[in-house]
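Working notes for the structure below.
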Amino acid sequence: MPIKAPRGTYDILPPDSRKWQAMEQSLKRVAHIYGYEEIRTPVFEHTELFERGVGEGTDIVSKEMYTFFDKSGRSLTLRPEMTASCARALIEHSAHTGLLPLKWFYCGPMFRYDRPQSGRYRQFHQFGAEVFGSSSPLVDAEVLMMVVRMLQSIGLTEYLLHINSVGCPSCRDSYRQELLDFINPIVNDLCPDCRQRSRANPLRVLDCKESRCHEAIKGHPRLLDHLCSGCARHYQRVRDTLTRQGICFEHDDRLVRGLDYYTNTAFEIHIPGIGAQSAVGGGGRYNGLVKAIEGPDLPGIGFALGLERLLLALEKQDSALPGKRDLEVFVAVMEAEYEDEAVTILQQLRDAGIVADKDYLERKARAQLKYADKSGAALVLFVGADEVKQGFVTVRNMINKEQTAILRTGLIPAITRLLHHNEEAQAQ
RNA sequence: GUGGGUGUAGCUCAGUUGGUUAGAGUACCAGAUUGUGGCUCUGGGGGUCGUGGGUUCAAAUCCCAUCACCCACCCCA
């Protein structure tokens, strides 16, 4: 039995890899326009970083981490997300002693041990960004605006942006207590899962899909009504700014992020119609995180987009077709003795920045033409006895079948001109 | 971790109540066309029928186990 990619992982081959490149390029460009610069960190970290930075109580830490011991017995973990790594890097390099706020973006693979399904893999890819050093609600709004712009930049216009505020530790704790006081008397009316949730994370009970639970918790206290004045003002400013800038969003009382370090603004972006895993992105503010891992008391906010899910959404609305290989010129050799001449010409073309290739399987002219055609070549250059002896090449335009002789001395300008003509013709 | 569905050529799939050498389309290669692509025709290579075990004279087909994929729960990207 041949070896296959491990469960929940997969390969990205051409032509699919083109879609990934195009998508990543668009996202990076938007991040750049918003003033973000790239950070790259190791794909594995000390396990402790995630335990403390993501939170012991989260599903990620309690059951989804790829943790292993290296040869000297260190406990390491493949990163399940990148916010903790960014915070660690910030602290390690004292990056906050420079210009603030710090605005970083990242793009790369993340790892979570979970049962694969549509839109969910064990190795998956995120594009995300983090801002450290400002607690301004305008930064929250900017992040959201950038996320929306990113979706637009890759051609996704149908999305739902849900936002909520989870407050600060003090208002969240008082709310949590009030919610518990509300739930405890009716706990027996809840489904078994919710009885469990009410102990571990009571906020999750509000999110249950069981109708009996919906019924039982009617009239529950709302987090929004229990925010302290600072948190309430912050959240109001975020919403006002988004409204003023024409960003559609929906306040979602039940949006509770699973990661412990979130404070104030929390959000998720959903795209309907891509299956159960419809969240293509999520994030929020985490003012307590950096300090929690022994760094300075720096506020932060960030988000991540799931690239697999974005692609899924793009395919559902059948945009972004893969397309042929974008070969510009194919050099066809008529007799084996002129191979060297062809290699020279090929090199000249490539030196001039032209996407060019030749045959390497000793194919006959006919087969070379077929190959050129299937590779999407716009022009084919013939190199044979007449051409070499008289110092020219025959150029066939694959689109209109016109064929001309071009002197070797003026080859590059002539080819460039022909390619340009073809492009213009195709654009019309 | 729990539940349901599916595993036959690179890809999409057929394969009758168990019956001899497992097929088609497509893709790839070659020839028709000896220096010229798309269309057409002809031919070719390519399968341990997911894997292991069992039943049987005989298994792609029936039974068991296992693995993988797909979908959903949980949770999230």
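Values in this document were obtained by computation on a predicted structure and should not be read as measured data. Reminder, nothing fancy here: chain letters follow the sequence lines and each chain counts from 1.
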Please report the distance separating the [atom1] of [N] from the corresponding atom of [M], rounded so that it comes out in whole Å.
N	M	atom1	result
A27(B)	U20(B)	P	31 Å
C67(B)	G23(B)	C1'	27 Å
C71(B)	C57(B)	C1'	42 Å
U61(B)	G18(B)	P	11 Å
U6(B)	A65(B)	P	16 Å

Checklist line | Mutual orientation of the aromatic rings belonging to Tyr113(A) and Tyr66(A) [parallel < 30°, tilted 30-60°, perpendicular > 60°] | finding: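 Taking Tyr66(A) first and then Tyr113(A), their aromatic rings stand perpendicular (interplane angle over 60°).
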Margin query: Ring-plane angle category for Trp20(A) and Tyr10(A), please: parallel below 30°, perpendicular beyond 60°, tilted otherwise.
Written below: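 Because their plane-to-plane angle lies in the 30° to 60° range, the rings of Trp20(A) and Tyr10(A) count as tilted.
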How would you label the contact of [X] with the nucleic acid (heavy atoms, under 4.0 Å): base, sugar-phosphate, or nothing?
X	value
Glu268(A)	nothing
Ala372(A)	nothing
Gln123(A)	nothing
Gln403(A)	base
Gly128(A)	nothing
Arg122(A)	nothing
Ala332(A)	nothing
Phe127(A)	nothing
Gln368(A)	nothing

Next item on the list: Enumerate the residues from residues 6-14 of chain A whose closest heavy atom to RNA chain B is under 4.0 Å, giving them by residue number; use none for an empty result.
Entry: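 The answer is Arg7(A), Gly8(A).
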Check: Is there a stack between Phe382(A) and G35(B), judged by ring centres under 5.5 Å and planes under 30°?
Finding: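 Aromatic stack with G35(B) absent for Phe382(A).
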Kindly point out which of [options] is positioned nearest to the side chain of [X]?
X	options	value
Ala276(A)	U36(B), C73(B), C74(B)	C73(B)
Arg309(A)	C71(B), A77(B), C28(B)	A77(B)
Lys4(A)	A68(B), C75(B), A77(B)	A68(B)
Leu369(A)	G35(B), C76(B), G37(B)	G37(B)
Glu335(A)	G35(B), G38(B), A30(B)	G35(B)

At less than 4.0 Å, is any side-chain N or O atom of [X] found next to OP1 or OP2 of [N]? Yes or no.
X	N	answer
Ser118(A)	C70(B)	no
Arg396(A)	G37(B)	no
Gln117(A)	A72(B)	yes
Lys374(A)	C28(B)	yes
Lys364(A)	G31(B)	yes

Notebook entry, point to check: Taking the nucleotide of RNA chain B with the closest heavy atom to each, which residue, Pro116(A) or Met398(A), is nearer the 5' end?
Noted result: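 With Pro116(A) and Met398(A) compared, the 5'-side residue is Met398(A).
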Notebook entry, point to check: Pick the nucleotide of RNA chain B nearest each of Asn400(A) and Ala5(A); which residue has the one closer to the 5' end?
Noted result: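 Result: Asn400(A).
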[N] [atom2] sits how many Å from [X] [atom1], rounded?
X	N	atom1	atom2	value
Leu156(A)	A77(B)	CG	C1'	14 Å
Phe330(A)	G38(B)	CZ	P	14 Å
Ile399(A)	G38(B)	CD1	P	16 Å
Leu327(A)	G37(B)	CG	P	18 Å
Ile154(A)	A77(B)	CD1	C1'	13 Å
Asp359(A)	A30(B)	CG	C1'	14 Å
Met110(A)	A77(B)	CE	P	11 Å
Glu130(A)	A77(B)	CD	C1'	13 Å

Spacing of [X] atom [atom1] and [Y] atom [atom2] [to the nearest 0.5 Å]:
X	Y	atom1	atom2	value
Thr83(A)	Trp104(A)	OG1	CH2	11.5 Å
Phe105(A)	Ile39(A)	CZ	CD1	11.0 Å
Tyr175(A)	Phe182(A)	OH	CZ	9.0 Å
His226(A)	Arg172(A)	NE2	CZ	14.5 Å
Lys364(A)	Asp359(A)	NZ	CG	12.5 Å

Any protein N or O atoms within reach of nucleotides 1-5 of chain B? Criterion: under 3.5 Å, listing atom names and distances.
from, atom 1, to, atom 2, distance (Å)
U2(B), O4, Arg115(A), NH1, 2.4
G3(B), O6, Arg115(A), NH2, 3.4

Item checked: Non-hydrogen side-chain atoms of Thr394(A) and Leu381(A) separated by less than 4.5 Å ->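 A side-chain contact is absent here, since even the closest heavy-atom pair is not under 4.5 Å.
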Notebook entry, point to check: Would you call His270(A) and Leu161(A) a side-chain contact if the rule is heavy atoms closer than 4.5 Å?
Noted result: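 Contact flag for His270(A)/Leu161(A) side chains = no.
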Nucleotide opposite [N] in a Watson-Crick or G-U pair, distances under 3.5 Å:
N	answer
U34(B)	none
U66(B)	G50(B)
U20(B)	none
A59(B)	none
C74(B)	none

Next item on the list: Start with the C-alpha gap between Asp11(A) and Lys4(A), add the side-chain angles, then the distance that decides, and say whether salt bridge (Lys or Arg N to Asp or Glu O under 4.0 Å) holds.
Entry: CA-CA 10 Å; Asp11(A) 305 303; Lys4(A) 297 198 291 186; over 6 Å; no
Notebook entry, point to check: With sequence neighbours left out, what residues match Arg88(A) under side chain to side chain contact (heavy atoms under 4.5 Å, CB included)?
Noted result: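 Only Pro42(A), Glu45(A), Leu49(A), Glu92(A) meet the side chain to side chain contact (heavy atoms under 4.5 Å, CB included) criterion with Arg88(A).
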Next item on the list: For the pair Arg120(A) and Glu308(A), evaluate salt bridge (Lys or Arg N to Asp or Glu O under 4.0 Å) and give the outcome as yes or no after the intermediate values.
Entry: CA-CA 8 Å; Arg120(A) 192 167 70 193; Glu308(A) 281 79 3; over 6 Å; no
Check: Among Met146(A), Glu130(A), Glu142(A), Glu37(A), which one satisfies side-chain contact (heavy atoms from CB on, under 4.5 Å) with Lys103(A)?
Finding: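 So the option named by the test is Glu142(A).
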Next item on the list: Assess whether one donor atom and one acceptor atom, taken from the side chain of Arg366(A) and the base of U36(B), lie less than 3.5 Å apart.
Entry: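 Answer is no: no donor-acceptor pair is held.
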